[in-house]
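The residues of the chain are indexed from 1 along the displayed sequence. The model shown is predicted, which means the values in this text are computed figures rather than measured ones. Atom set for the values below is all heavy atoms of this structure, side chains included, hydrogens, waters and symmetry mates excluded.
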Amino acid sequence: QRIPKLRDAWAEYVEESGNRYNDPARQSSGFILGYVIHYGSDFVSADFFSPLASRLEVDGVMAVLRHIIKVGQKNDQGWKEAWQNFCDERNNGFRDPYRTD
């Protein structure tokens with residue numbers, strides 16, 4: 001949450017939801033998934049997401065995200081290109097969401 005737009009987006013999402021905890025580690029996996037879906041990948045940083053990844057994996061949220069990505073790639077060329085660009089910029093070109101942390 002060191003990037004101002006990320007910090008502001010997170011604070012806005014927390015406030016709009018009526019939640020009183022600004023710390024992502026105190027949020028449920030569903031809450032975090034809602035944030036990611038609402039704001040998209042431009043509003044998620046490695047600093048924000050990495051500490052939560054293992055908890056999200058255990059809670060099954062990563063499986064849901066991977067499925068959403070695969071369906072999007074299959075059904076929408078713009079989505080597919082956006083995912084490819086995201087992977088090229090932030091994931092060393094690895095594009096398979098089932099082989100990505």
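- For the atom pair C87 SG and I69 CD1, the distance stands at 7.5 Å (nearest 0.5 Å).
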Could you walk me through whether D88 and R95 pass salt bridge (Lys or Arg N to Asp or Glu O under 4.0 Å), step by step?
CA-CA 8 Å; D88 290 347; R95 295 180 175 170; 2.9 Å; yes
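- Annotation: side-chain contact (heavy atoms from CB on, under 4.5 Å) contacts of E15 (sequence neighbours excluded): none.
- E16 has its side chain within reach of E12: a pair of non-hydrogen atoms, C-beta onward, lies under 4.5 Å apart.
- Listed for the R66 side chain is a donor-acceptor partner under 3.5 Å among the backbone atoms of P97.
- Smallest separation of non-hydrogen atoms from Y13 and G34: OH-C, 3.2 Å.
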Kindly determine whether K74 and K70 satisfy side-chain contact (heavy atoms from CB on, under 4.5 Å), including the steps that lead there.
CA-CA 6 Å; K74 182 178 179 181; K70 288 300 263 187; over 6 Å; no
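- V14 places none of its side-chain heavy atoms less than 4.5 Å from the side chain of Y21.
- W10 and N22 get closest at one heavy-atom pair: NE1-O, 2.6 Å.
- Counted within 6.0 Å of NE2 on H38, heavy atoms from surrounding residues, nucleotides or ligands total more than 12; the atom is thus considered enclosed.
- The distance from atom CD of Q27 to atom OG of S17, rounded to the nearest 0.5 Å, is 6.5 Å.
- Residues passing the side-chain contact (heavy atoms from CB on, under 4.5 Å) test with D76 are W79, sequence neighbours excluded.
- Put simply, CZ on R26 and CZ on R20 are 7.5 Å apart, with the number rounded to the nearest 0.5 Å.
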